[in-house]
Amino acid sequence: DEVLHAKVDNNEMPGVISIVYRHGVLAHLDCYGYADMERKTPMRPDSIIRLYSMTKCIISVAVAVCLEDKLLDLQDPVSKFIPAFADVKVRQEGGELQPAVRPITVVHLLTHTAGMGYGPMLGDEPDGETEERFVPLIERSGLGRTAPSNPKAITTLEQWCNEVAKVPLRSQPGAEWFYSYSHDVVGRVVEVVTGQRLDAFLQKRILGPLGMVDTGFEVPREKWDRVAGMYRRIEVEKHDEKPEAAATSTAKVAVARDAPAVIADGGAAAGDMVPAAEGDGRTEAVHAASDRMEVDDPAAPRTSDSGASPTPPTPSEDAAQTDGTTYELRRLDGRSLETNEWMAGNASPILSGGGSVDAMTGGLVSTAADYSRFCLMLLRKGELDGVRILRPETVDLLCTNQLPAATGSDDVWAFSTPGVGFGLIGSVSVSHPELDAALKPGEYGWGGMAGTAWTNDPHEDFFLLSFSLTAFDLTTEEELRGGVRASIAQFDQRREKAEMRRMEKLEKEQRRLDRSETATAFDAAAVGVARTTTPTKRMRSPPSAAKSAGARDGSKKKRRTTIGAEAAGTARKSPQKASPTKTPRRARSLTTGPGSARKAVGNLQQGAAELDTPRQSVTGRGIVVEAEERSSLLRDSADADAVTTPERCVRLRFDGDVAMTACAVSA
C-alpha cells in the first residue's frame, strides 16, 4: 500500500484500488486517491472504470459458453460465420499481397495468432506500416459515434468486421503471436451463432448470473456520479538542470495530499513497460481479482447544477518533477455528463469485444467489485454463489497455454517472451528456464489500457486486481503482485515454524504417553505375578473382635506409610516365570521405619483391581503408598512375604531397581 499510495502522492496516478482474495476470502482491499480529480470523487470499489482489453476476457468466456452449447468449435474457420474472411490476404515484406495459406480459425482469434494487428490508440501517431493500415478504419469507427449519419461512418459490429477483413494480415494465420483486434471479430462470431446482440448475450449468460450489476457497454446516466476519469501521464517540460538537482526540487502535487483513502484488510495478504500495439502497456504478460464489496458512500463534492465540471488544474498545480522532467496527469475523457464518451447516448455503437475500435472509446465498463466476481468465478472453476457459468474442464481449457495448438509449435510465446504462453482468456505462465522470476507457472490474467489488470493463481488460491485509471500504466499490478507473493512467502515461513513447534510438542507428549503406557504394562504384569503366586502359609483365622474393633476405629483416617524393601538372597521358587527384566530376589526384611513391617503389610487391601484410590508409580527401595483402611482387616500375618484376604491372596515382590506401581496399602 505504501508504494501505491506514493504513486498517487507523487501525481503518477489520480487514485488506486487494490484487491486481493485468497481461499475465497477478501484478504485485502485498499482504495486511495480520487476516481475523478476534477470533481474530487474518491476512489471506491464501485467506481465505474473502463476495462478496455479486460473486455476480451469476458468475451472469451462467452465463446466458452457457446462451445459448451455446441454452437461452434475452436477449429471452425471464421469465414463460416463471417463470409468476408473467406478471402483474406497477407502483406509480404516487400508490400505485395498473397492469399493466406490456411483459413483463420476461432482458436486463432482467441490466441492472437490470426495474423492481424492493432492501429494507434489515444490519438498517437502510427508506429510503422502495421499500425498505419488501420488508421482509415479507426477514423470511420469514430464517425460512427460522433457523426453516425456520415456515409463513411461505421455504426455496427457486423459492418466493422466486414471492413477489417479487407485489411491485409501482417503474417500467415497460425505463424506467430501478435496482439490484435481479433477479439472484436470473435465478438461478432458470438452474435452470429447465438442470434443475439453481443451485449444481450453477455447480460443473459454471464453478467446477470454473476451479479455484475455495473458492467456493460455504456453507463446509465443515473450512475454518472460514480464514473471515474481517465488520465495519462505526459511530459510537459524538460529542464536543463542535472538530475541530482531536479530530484531535490519540490514537486507541486496538490491533488493527492488531500485524497481520501478507504482501506480494509481482512487478514493475510510485482517491470519496465513498453506499450503494446493496442495500448495495454505490456511487453510481458499482463497479470494481475470476489464477492460483492460494499462500502459506505462517502460524501463527495458534485458538479454544479449546470453539470459543468470545475476548471481543470493547470500544470503548475499538479505537475511533478522526475529526473529533471516535469510530468502532469492529463484528463482524456469528457468531464461532464453531456460529453463523456461512455455515457448512454454518447457511447460507441460498435460493441467492441476487444476494448476499442476507434481512437479511444469502446469496450465494457465495470467496477472492481463486479470484476472481482468474474475472477473469483474462474478461480472456482466456473461457479460462484451456487451459479455455474462453465464446467470445470472448460475453465481449464480457457486458462492453459493454447499457443502450441494454435501454431503447431512449442516455441511460440506471447510478446516473444519464453515462458509466457497464451490461453483463450489471457496470458498464462508456463514452466520454462527463462521464465521471469516475477511470474509463477500456472498463473493467468490480463490487463487493460486504462491501468487495469488482474491475476489468478490457482496454486496459491488467490486472485488480485488493481485499477489506476492511468493509460499505459501497469506497474500498479506488478507492485501489487510482488507484494502479495512476498506476504504469502512470509506467512508460509511463519506457518512452517509454527507447525514445527506443534509437531515437537506432539512428539514430546507422545514420548510421555509411551513412557506411561510402558510403566502401566509393567505394573499389570507385576500385579498378575502377585495374584498367581501360591502362598507359602495357610490363611490364618480372622482377627479377634477386639482387634477388629480397633481396626475399624482406625479406618476412618488416611495414613502414609513408607515401606523400605531390601531384597537379598535367592528368589522364592514359584510356578510363575521370573520377571523378564530381572530375576526377583527374596525379600529378607520389610521395614517401615518405627514399628513392625508385619503390621504395615498386614493392612494390604484386596488388590489393584479393587482399589479405591489411584495407583502410584514408584521406583527404588522406598515405596510410599496411601489408602483408606477397610473395616474388614486381617489379623497380623506371621509371614511378611504373603498376606491373604478372604477374597484373594496377594504376594508382594519388591525389586529395588525396577519401576513399580504400588497397590494401595493401609498402614
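Keep in mind it's a predicted model, so treat the numbers as computed, not measured.
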Identify the heavy atoms of [X] and [Y] that sit nearest to each other, and give their distance.
X      : Y      : value
Thr367 : Phe467 : C-CE1, 3.8 Å
Ala35  : Ser47  : CB-OG, 3.8 Å
Ala368 : Ile17  : CB-CD1, 3.6 Å
Gly448 : Leu474 : O-CD2, 3.9 Å
Ile389 : Pro209 : CD1-CB, 3.7 Å
Asp333 : Met230 : OD1-N, 3.0 Å

Any donor-acceptor pair under 3.5 Å linking the side chain of [X] with the backbone of [Y]?
X      : Y      : result
Ser356 : Thr361 : yes
Arg388 : Leu390 : yes
Asn346 : Asn340 : yes
Tyr181 : Gly119 : yes
Asp370 : Thr215 : yes
Arg481 : Ala438 : yes
Thr470 : Gly451 : no
Glu460 : Ile488 : no
Tyr371 : Leu51  : no

Under the rule for salt bridge (charged side-chain N to carboxylate O under 4.0 Å, His left out), what residues qualify as partners of [X], not counting sequence neighbours?
X      : value
Glu496 : none
Lys7   : Glu12
Glu383 : none
Asp124 : Arg232

Trp454 vs Tyr444, side chain to side chain contact (heavy atoms under 4.5 Å, CB included): CA-CA, chis, key distance, verdict:
CA-CA 8 Å; Trp454 64 280; Tyr444 59 89; 3.8 Å; yes
Can you name the side-chain hydrogen bond (donor to acceptor under 3.5 Å, both in side chains) partners of [X], sequence neighbours left out?
X      : answer
Thr155 : none
Arg495 : Asp492
Arg221 : none
Ser182 : His112, Ser180

Nearest 0.5 Å please: distance from the [atom1] atom of [X] over to the [atom2] atom of [Y].
X      : Y      : atom1 : atom2 : answer
Arg44  : Ile49  : CZ    : CD1   : 11.5 Å
Ile59  : Leu109 : CD1   : CG    : 12.5 Å
Leu364 : Asp214 : CG    : CG    : 12.5 Å
Leu376 : Leu384 : CG    : CG    : 5.5 Å

Before we go on, tell me: are the rings of Trp446 and Phe422 under 6.0 Å apart, centre to centre?
yes
Looking at side-chain heavy atoms only, is the closest gap between Arg50 and Val227 below 4.5 Å?
yes
Heavy-atom check, side chain of Leu435 versus side chain of Ser431, under 4.5 Å:
no
Salt-bridge present (Asp385, Arg373; N to O < 4.0 Å)
yes
Any ion pair linking Arg335 and Asp36 (charged N to carboxylate O, less than 4.0 Å)?
no
Does a donor on one side chain sit under 3.5 Å from an acceptor on the other, for [X] and [Y]?
X      : Y      : answer
Asn10  : Tyr327 : no
Asp184 : Ser352 : yes
Thr111 : Gln402 : no
His28  : Ser18  : yes
Tyr179 : Ser53  : yes

For Asp457, run the side chain to side chain donor-acceptor pair (under 3.5 Å) check against Arg485, Lys440, Arg22 and tell me which one passes.
Arg485
List in chain and number order the residues that pass side chain to side chain contact (heavy atoms under 4.5 Å, CB included) with [X], two or more places apart in sequence or in another chain; answer none if no residue qualifies.
X      : result
Asp127 : Glu131
Thr194 : Cys66, Leu71, Val190, Gln196, Phe201
Val430 : Asn401, Trp413
Thr339 : Ser336

Kindly determine whether Asp358 and Ile154 satisfy side chain to side chain contact (heavy atoms under 4.5 Å, CB included), including the steps that lead there.
CA-CA 10 Å; Asp358 60 19; Ile154 298 175; over 6 Å; no
What do the steps show when you test Asp473 against Tyr231 for side chain to side chain donor-acceptor pair (under 3.5 Å), and what is the final call?
CA-CA 10 Å; Asp473 173 43; Tyr231 301 85; over 6 Å; no
Checking side chain to side chain contact (heavy atoms under 4.5 Å, CB included) for the pair Trp224/Arg39: CA distance, chi angles, key distance, verdict?
CA-CA 12 Å; Trp224 165 244; Arg39 293 186 290 164; 3.2 Å; yes
Check the pair Leu122 / Met360 against side chain to side chain contact (heavy atoms under 4.5 Å, CB included), numbers first and verdict last.
CA-CA 5 Å; Leu122 304 181; Met360 186 179 77; 3.6 Å; yes
